[in-house]
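Contents: one structure, followed by commentary.
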Amino acid sequence: MTVNLLQVVKEEKSQIEERQKLSEQNVVRLIKEKENAENMIASLKEEMEVMEKRNRLHEKNVVQLIEEKESDENMISSLKEKMEEMNSLHEQNVGRLIKEKEDGQNMISRLKEEMEEMNRLHDQNAHQLIKEKEDGQNMISSLKEEMEEMNRLHKQQLDQFEIKTKQMEEKLATKVKEFELHVLRSNMKIEEVETTYQQKSQLWNKKENIFHNYMNSQQLYVKGLNISSRSIKSDMYAFQMKWRDEMSNLGSNLKCLVDAADNYHKVLAENQKLFNEVQELRGNIRVYCRVRPFLPGQDKQSTTIDYIGESGELLISNPLKQGKDGQRMFKFNKVFSSFASQADVFSDTQPLIRSVLDGFNVCIFAYGQTGSGKTYTMSGPSTSKKDWGVNYRALNDLFDISLNRRNIFSYEVGVQMVEIYNEQVRDLLSNKVAQKRLGIWSTSQPNGLVLPDASLYPVKSTSDVLDLMEIGLANRAVGATALNERSSRSHSILTVHVRGVDVKTGSISRGCLHLVDLAGSERVERSEATGDRLKEAQHINKSLSALGDVIFALAQKNAHVPYRNSKLTQVLQSSLGGQAKTLMFVQINPDVESYSETISTLKFAERVSGVELGAARSNKDGKDIKELLEQVSSLKDTISRKDMEIEQLQVTKDKDKPPSSAVDNHGSSMPNNFSSNETSLITLNQKRQLSDPLSYAEVNADAGQTSPTNIVAMGLDEADYEDNVSEDGSLVRETEYTIGRRNIMNSNSDMIDDTKMHRGPSRTARSTLTKSAQPAISRSKPRDAVLKTPSHTRTPSNQLAGGSSARATKRWQK
Ligand SMILES: Nc1ncnc2c1ncn2[C@@H]1O[C@H](COP(=O)(O)OP(=O)(O)OP(=O)(O)O)[C@@H](O)[C@H]1O
């Protein structure tokens with residue numbers, strides 16, 4: 001390429017030189033032409049000089065002629081003529097010469113211009129040529145530089161190649177050395193491995209010998225074993241024969257046992273029926289009156305209680321009126337004096353708890369003015385077992401009975417706790433107490449939950465319930481009035497849902513126990529309440545009178561029962577009326593200051609009990625009473641007989657029971673005939689309960705086994721069906737049921753998401769709750785000590801349930 005370039009440059013250089021020669025020739029030619037033109041100009045100048053000389057001569061001649069004219073005038077004229085001619089000729093010549101001169105001058109100027117043009121062109125060409133020459137030279141020099149650069153690079157590369165080659169050669173040499181070394185080492189290793197291999201093979205040979213020896217001894221041992229196994233087999237055969245005989249004996253025994261168990265179920269059912277009949281004879285609405293003792297500092301002399309009869313008579317006297325006018329007699333199912341213990345009060349309540357396990361709905365509530373001992377009766381003043389109120393005793397009994405019946409029924413117990421404050425139902429077991437307003441649903445739901453949105457916690461022991469109650473009571477709304485500065489201003493309702501599955505038949509029964517601590521019943525004007533307190537009092541009075549109206553309507557067997565007049569009666573609807581059993585504790589103060597409140601309380605209670613109760617009405621008729629009492633005592637005898645039979649059967653069954661029988665979550669033994677499917681169903685249900693508090697309700701709903709007993713238990717056979725109620729008191733028709741279900745499902749999912757709500761407040765939250773519930777905290781009454789101190793509730797229950805409280809708490813906090 002460089003050669004080509006040089007060739008091109010050479011060619012261009014030769015062309016440039018040729019062009020330069022040509023331009024030089026042109027310059028020479030132009031110089032010659034210029035010289036010629038200059039010569040011509042010079043000759044023309046000479047001619048002009050000649051002409052001027054001639055002119056001068058002519059002038060001389062003219063002068064001679066004029067002189068001759070003078071001499072010869074004739075001759076002058078002729079000469080004149082001649083002169084004129086000569087002049088004209090001369091003028092002609094001069095004109096011609098001037099013209100020639102002008103032409104010459106023009107030619108000269110033209111030639112000059114041409115020369116200038118030529119010079120200019122020449123300059124241009126020369127300039128261009130010089131420029132081209134310079135460019136060519138530049139190009140040549142750049143090409144030369146490039147060539148030099150390339151040569152230099154080439155040289156460099158060559159140097160590098162040489163260096164690299166040298167390095168590679170060096171590396172190769174070292175690698176070769178390394179490889180040689182490696183080969184050397186490998187050879188050494190091979191030698192080592194060969195020696196170890198030889199050593200190991202010697203060792204293995206030794207071991208093989210040992211193993212062979214061992215195998216020989218083992219074979220001998222197996223032979224011995226074969227001989228002994230043959231003798232064992234013959235022994236086994238003898239045993240099998242003996243076992244078959246024993247099994248056939250056991251079969252016949254078992255058959256007897258099954259017959260006995262069948263009989264046992266029949267007896268139990270009969271017993272339940274009889275028991276219920278006794279309860280009914282006693283009246284489905286019962287009213288017990290309890291007189292609170294004087295409080296320390298009160299004047300014990302001035303009392304309004306004149307007389308308390310054995311058969312429920314209560315004589316109240318007005319301190320301001322003398323004689324019979326000042327006295328008033330009331331009659332209830334039972335009147336407990338101020339000396340009655342907590343156990344005495346509960347002893348007459350106990351049978352109702354059994355009814356709950358038999359699938360009946362029961363409602364126990366305490367009614368009375370503020371400070372009359374409602375909370376004392378329902379919850380009790382302290383942690384000790386002897387002070388336990390109806391609530392704790394009832395639940396304790398419930399779990400005791402369910403434990404006794406574990407072989408016949410598998411019970412699931414769930415608890416809800418709500419309060420009704422200013423006609424709004426609030427979940428006391430949710431940590432979102434302030435926000436949560438609960439809707440009330442129709443009792444016709446399959447699971448019988450009137451408050452499906454309220455937190456429902458499965459419980460296994462009294463301690464579980466106590467823990468929940470502790471949370472619930474701390475959440476109760478309390479306010480101050482003139483009568484009792486820390487009085488409860490809301491109705492608190494603890495609802496215990498019991499679902500029993502007959503382990504033999506699989507039939508399901510549902511019972512529900514409402515334990516209600518009503519708000520103070522004092523009249524508005526007496527409580528001196530104003531503002532918010534007045535509003536609270538009005539709501540309380542309204543709901544209490546609605547409760548009275550409902551009970552009155554039920555007692556009168558009215559076609560219409562006004563359940564919808566208050567939230568309280570809506571919530572308690574399933575436990576008021578029908579076959580539901582209602583027990584009201586009427587609490588009264590003995591002091592004279594409370595006389596008018598006491599009378600109004602007792603009038604309310606009288607209205608509730610006196611009209612309705614068949615038994616109470618019969619009290620007026622001595623013959624009927626006698627008959628009924630006889631009937632009751634004979635029924636009681638039958639029951640106790642049946643109970644003894646059951647106990648005997650139980651003992652026989654326990655004796656014959658194989659020791660390996662399964663134990664359920666309650667710690668109860670599974671019966672032998674409990675199918676594996678049923679076992680898994682129960683286990684699943686229990687697991688669901690553990691993981692999700694709501695599953696209890698779902699399981700119940702899913703089961704879809706609304707037995708006739710259940711419907712009856714829900715009080716739907718008699719309750720007026722128009723009274724399906726909703727949150728705002730409007731009707732919830734059957735068509736709304738589906739919407740309700742959907743809402744429940746939605747709320748279920750919310751609840752699952754909002755785990756905190758259903759697990760109940762955490763330990764910290766609970767302590768915060770207790771602390772922040774200012775009036776509740778400052779309660780000085782023993783009852784309030786119960787509410788505040790968690791240990792109180794746990795101590796006795798832990799003894800009972802073996803610390804299942806802790807387990808339950810953990811479960812909810814999972
Ligand atoms: N049978 C009783 N024996 C001893 N003390 C009692 C009895 N009944 C109530 N008391 C006492 O009377 C006081 C008021 O009782 P309690 O708080 O139970 O009334 P209450 O009706 O629940 O009031 P409130 O409407 O404010 O809740 C308490 O100090 C309680 O200990």
Side-chain angles (χ1 to χ4, degrees), residues 1-11 137-237 239-240 660 662-663 665 676 679-680 683-684 686-688 690-692 752-753 755 759 762 806-807 810-811 813-814:
M1 192 181 158
T2 326
V3 178
N4 284 342
L5 264 169
L6 277 170
Q7 192 71 34
V8 170
V9 169
K10 273 178 187 173
E11 279 173 7
Q137 278 172 348
N138 285 340
M139 197 183 273
I140 289 162
S141 63
S142 70
L143 284 167
K144 271 182 183 172
E145 278 172 6
E146 273 179 21
M147 259 179 69
E148 280 168 7
E149 183 64 27
M150 280 174 75
N151 279 339
R152 197 177 55 76
L153 284 170
H154 183 66
K155 223 177 174 182
Q156 267 183 3
Q157 277 180 352
L158 269 173
D159 290 347
Q160 280 174 357
F161 274 131
E162 275 173 9
I163 291 162
K164 273 187 183 173
T165 318
K166 271 181 189 169
Q167 284 173 349
M168 293 286 275
E169 277 172 0
E170 280 168 7
K171 272 187 187 172
L172 205 72
T174 50
K175 284 246 166 127
V176 167
K177 275 180 189 169
E178 276 174 14
F179 184 70
E180 280 171 359
L181 213 72
H182 190 70
V183 168
L184 211 70
R185 277 194 204 132
S186 299
N187 284 338
M188 278 164 74
K189 270 197 179 173
I190 288 165
E191 278 170 14
E192 273 175 28
V193 168
E194 273 174 357
T195 49
T196 4
Y197 172 73
Q198 276 170 2
Q199 283 170 359
K200 283 207 171 169
S201 69
Q202 280 171 4
L203 204 78
W204 277 110
N205 283 338
K206 276 182 193 170
K207 278 191 178 174
E208 200 183 341
N209 288 335
I210 295 164
F211 180 72
H212 276 302
N213 293 337
Y214 175 75
M215 280 299 287
N216 290 336
S217 67
Q218 284 297 309
Q219 274 170 358
L220 287 169
Y221 179 66
V222 168
K223 273 178 192 167
L225 274 176
N226 274 338
I227 294 159
S228 60
S229 115
R230 248 174 260 142
S231 74
I232 287 167
K233 264 185 187 171
S234 62
D235 288 352
M236 274 291 291
Y237 184 71
F239 272 124
Q240 263 181 359
S660 60
V663 175
N665 277 7
S676 60
T679 316
S680 59
T683 320
L684 178 70
Q686 284 162 347
K687 275 182 189 166
R688 285 176 68 183
L690 291 178
S691 60
D692 177 9
I752 291 157
D753 284 345
T755 43
R759 286 167 188 165
S762 65
R807 278 202 309 278
K810 266 184 201 158
R811 192 174 65 235
Q813 286 174 352
K814 246 180 224 171

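No hydrogens, no waters, no symmetry mates; every other heavy atom, side chains included, goes into these values.
- In terms of the side-chain hydrogen bond (donor to acceptor under 3.5 Å, both in side chains) criterion, residue partners of Q218 (sequence neighbours excluded) are, by chain and number, Y214.
- Note that CG of N187 is 12.0 Å distant from NZ of K189, once rounded to the nearest 0.5 Å.
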Exercise for the section: Please report the C-alpha distance between H182 and S186 in whole Å, then the side-chain angles of each, then the deciding distance to 0.1 Å, and finally whether the side-chain contact (heavy atoms from CB on, under 4.5 Å) criterion is met. Expected result: CA-CA 6 Å; H182 190 70; S186 299; 3.8 Å; yes
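- Contact annotation: the side chain of I232 approaches that of M236 to within less than 4.5 Å [non-hydrogen atoms, C-beta and beyond].
- Residues passing the side chain to side chain contact (heavy atoms under 4.5 Å, CB included) test with Y197, sequence neighbours excluded: none.
- Rounding to the nearest 0.5 Å gives a distance of 10.5 Å between CH2 of W204 and CD1 of I210.
- Rounded to the nearest 0.5 angstrom, F179 CZ and L172 CG are separated by 12.0 Å.
- Partners of Q198 by side-chain hydrogen bond (donor to acceptor under 3.5 Å, both in side chains), not counting sequence neighbours: none found.
- The side chain to side chain contact (heavy atoms under 4.5 Å, CB included) check on E208 picks up N205, H212, with sequence neighbours excluded.
- The CD atom of E180 lies 9.0 Å from the CG atom of L184; values are rounded to the nearest 0.5 Å.
- Atoms OG1 and CG, from T174 and L181 in turn, are 12.0 Å apart once rounded to the nearest 0.5 Å.
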Exercise for the section: Please step through side-chain contact (heavy atoms from CB on, under 4.5 Å) for the pair E191 and T195, ending with a clear verdict. Expected result: CA-CA 6 Å; E191 278 170 14; T195 49; 5.8 Å; no
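- Around CZ of R185, the count of heavy atoms belonging to other residues, nucleotides or ligands within 6.0 Å does not exceed 12.
- For the side chain to side chain contact (heavy atoms under 4.5 Å, CB included) test, residues two or more places apart in sequence or in another chain that qualify with V8 are E12.
- Every pair tested for salt bridge (charged side-chain N to carboxylate O under 4.0 Å, His left out) that includes a residue from residues 162-179 fails, sequence neighbours excluded, so the list is empty.
- We find the CG-OG1 distance between L203 and T196 to be 12.0 Å, quoted to the nearest 0.5 Å.
- Applying the side chain to side chain contact (heavy atoms under 4.5 Å, CB included) criterion to L153, with sequence neighbours excluded, gives E149, Q156.
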